[in-house]
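Naming: A, B, ... by sequence-line order, numbering from 1 per chain.
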There are 2 protein chains.
Amino acid sequence: MTKPLKKNQKAKELILDAAENLFAYRGFKGTTTREITREAGVPLGLMSYYFGTKEDLYREVIERRSVEHAAAIRASLQSAAEQANGNPTAEMLIRAYFSPLVERSLRGGEGWKSYIHLLSRAANTPRNEPYVESFDKTYVPVVREFIEILKGCHPDADEEAVYWSYYFLSSSIIHILLESGSIDSMSGGKFRSTDLETILDKMATFFAAGMQRLAAA
Amino acid sequence: MTKPLKKNQKAKELILDAAENLFAYRGFKGTTTREITREAGVPLGLMSYYFGTKEDLYREVIERRSVEHAAAIRASLQSAAEQANGNPTAEMLIRAYFSPLVERSLRGGEGWKSYIHLLSRAANTPRNEPYVESFDKTYVPVVREFIEILKGCHPDADEEAVYWSYYFLSSSIIHILLESGSIDSMSGGKFRSTDLETILDKMATFFAAGMQRLAAA
DNA sequence: GTCTATAATGGGATAGAC
DNA sequence: GTCTATCCCATTATAGAC
């Protein structure tokens, strides 16, 4: 802790919680500062006082969780490598990479669940929108590390295979985390977009096989 | 043609073109009616006169191309089945399903390119937003047909394998069509998110292998 | 049919009272 | 530090002139 906790921390947290939830499910432009403060139960003026502009608030919402999340991904990858004595399979790595995220979405409480939605929304936002920059700063280095480790699974493969595999994997998970419900309605309710544990299971199998095939080509 | 072409068709088309382009790259909420009419070079009042509300305009933008696109997908699937004497592989079907889309994005002109962006944006929009309904009406039946045909590639597999495979495939393509540029920056420019032809190639190989593996499990 | 001027609303941000 | 009242601007949509 660099700063002592002040009494105003409570109002700040209420605003952050409300903003996180609303940004996640209605988007940045679909959310008004009036809604945020109403949901938080604080007067409108406090928002500007504590956070400045709406964009500043968005950045603080991200920064509240992104660093911890990125650290958890690193730890999970490390732990997978150790368990496999330095030779983890692609399937293990995919699981390790996404399980911190699935874990938090399912069992981290409403805040984390919203944050994960926000994350996938941000990944779908064009990079020239100013308010999404703060994501890249934290996550891009982790992605680079993940790709480097993935290369180790198929040392003889062209690196092209690894990049495309990562691209297919990440693009898929980005949409899945929105939990759009498309699989639910297409399958008549048999399979559910909120069932992230099953999805992670199937994903690891599926994408490891795809990667192996690309690497062999 | 049910209606004869009128002179005002020209202004209507100009508005539709501008709206398509702006909705695609800035989103529905990120686009104002003033921008649309300015870009189209027509007075603001004409928009309401021809289309009604902004949501009505959005719907007409979609309906201008969705029916033709859906028909092209059906024809492409049919043609793949015929070329393979009724036994197309998953790889062939994936290619057939997405090639009308890739074809239009790359060689259909700016309008189609924008429309494809709009399509992926809509797929990432929560289903309770009223303006995205018009997509589902046209595309959901085609998706159902595609899934049924896919089942035929692995007749012994549990249908679960087919649904998850479709889900991974579609979720991936949805993000890829946004051409976010993430693969470009991650790979230092070596691989490009706009290179849809290479991507379709890799995808067909990759996802067919994943599906085969899931079906065998 | 076409266009201008404007109404009506809601937005982000802030000045200044408490 | 906290909250209210308000500014100022941009928005969608329309009424009514041409």
- Rounded to whole Å, the CG-C1' distance (B:L57 to D:dA13) equals 14 Å

- In whole angstroms, how far is the P atom of D:dG1 from the CD atom of A:Q9? 10 Å

- Message: For B:R38, give me all partners under side-chain contact (heavy atoms from CB on, under 4.5 Å), at least two apart in sequence or on another chain.
- Response: B:E35

Can you give me the N/O atom pairs linking the protein to nucleotides 10-13 of chain C at distances under 3.5 Å, or say none if there are none?
from	atom 1	to	atom 2	distance (Å)
C:dG12	OP1	A:T33	N	3.3
C:dG12	OP1	A:K54	NZ	3.3
C:dG12	OP2	A:T33	N	2.9
C:dG12	OP2	A:T33	OG1	2.7
C:dG12	N7	A:R34	NH1	2.8
C:dG12	O6	A:R34	NH1	3.4
C:dG12	O6	A:R34	NH2	3.3
C:dA13	OP2	A:K54	N	3.0

- Message: Rounded to whole Å, how long is the line connecting atom CD1 of B:I15 with atom C1' of D:dA13?
- Response: 14 Å

- Query: What pairs with B:S187 under side-chain contact (heavy atoms from CB on, under 4.5 Å), at least two apart in sequence or on another chain?
  - Reply: A:Y163, B:K190, B:F191

- Query: For A:L46 and C:dC18, what is the distance between atoms CG and C1' respectively, to the nearest whole Å?
  - Reply: 14 Å

- Roughly how many Å is it from NZ in A:K12 to C1' in D:dG1, rounded to a whole number? 13 Å

- Between C:dC3 (P) and B:Y50 (OH): distance, integer Å: 8 Å

- Test side-chain contact (heavy atoms from CB on, under 4.5 Å) applied to B:I173 - qualifying residues, sequence neighbours left out: B:F98, B:L177, B:M203

- Message: With salt bridge (Lys or Arg N to Asp or Glu O under 4.0 Å) as the criterion, how do A:R95 and A:E91 come out once you've worked through the C-alpha distance, each side chain's angles and the decisive distance to 0.1 Å?
- Response: CA-CA 6 Å; A:R95 209 179 289 273; A:E91 194 164 339; 3.7 Å; yes

- Can you tell me how far P of D:dG16 sits from OH of B:Y49, to the nearest Å? 17 Å

- Query: Among all residues two or more places apart in sequence or in another chain, which pass the side-chain contact (heavy atoms from CB on, under 4.5 Å) test with A:E68?
  - Reply: A:R104, A:W112

Do any side-chain atoms of residues 179-186 of chain A form donor-acceptor pairs under 3.5 angstrom with protein atoms, and if so which ones, sequence neighbours left out?
from	atom 1	to	atom 2	distance (Å)
A:E179	OE1	A:K113	NZ	3.4
A:E179	OE2	A:K113	NZ	3.3
A:S180	OG	A:S182	N	3.3
A:D184	OD1	A:S193	N	3.0
A:D184	OD1	A:S193	OG	3.0
A:D184	OD2	A:S193	N	3.4
A:S185	OG	A:S182	O	3.2

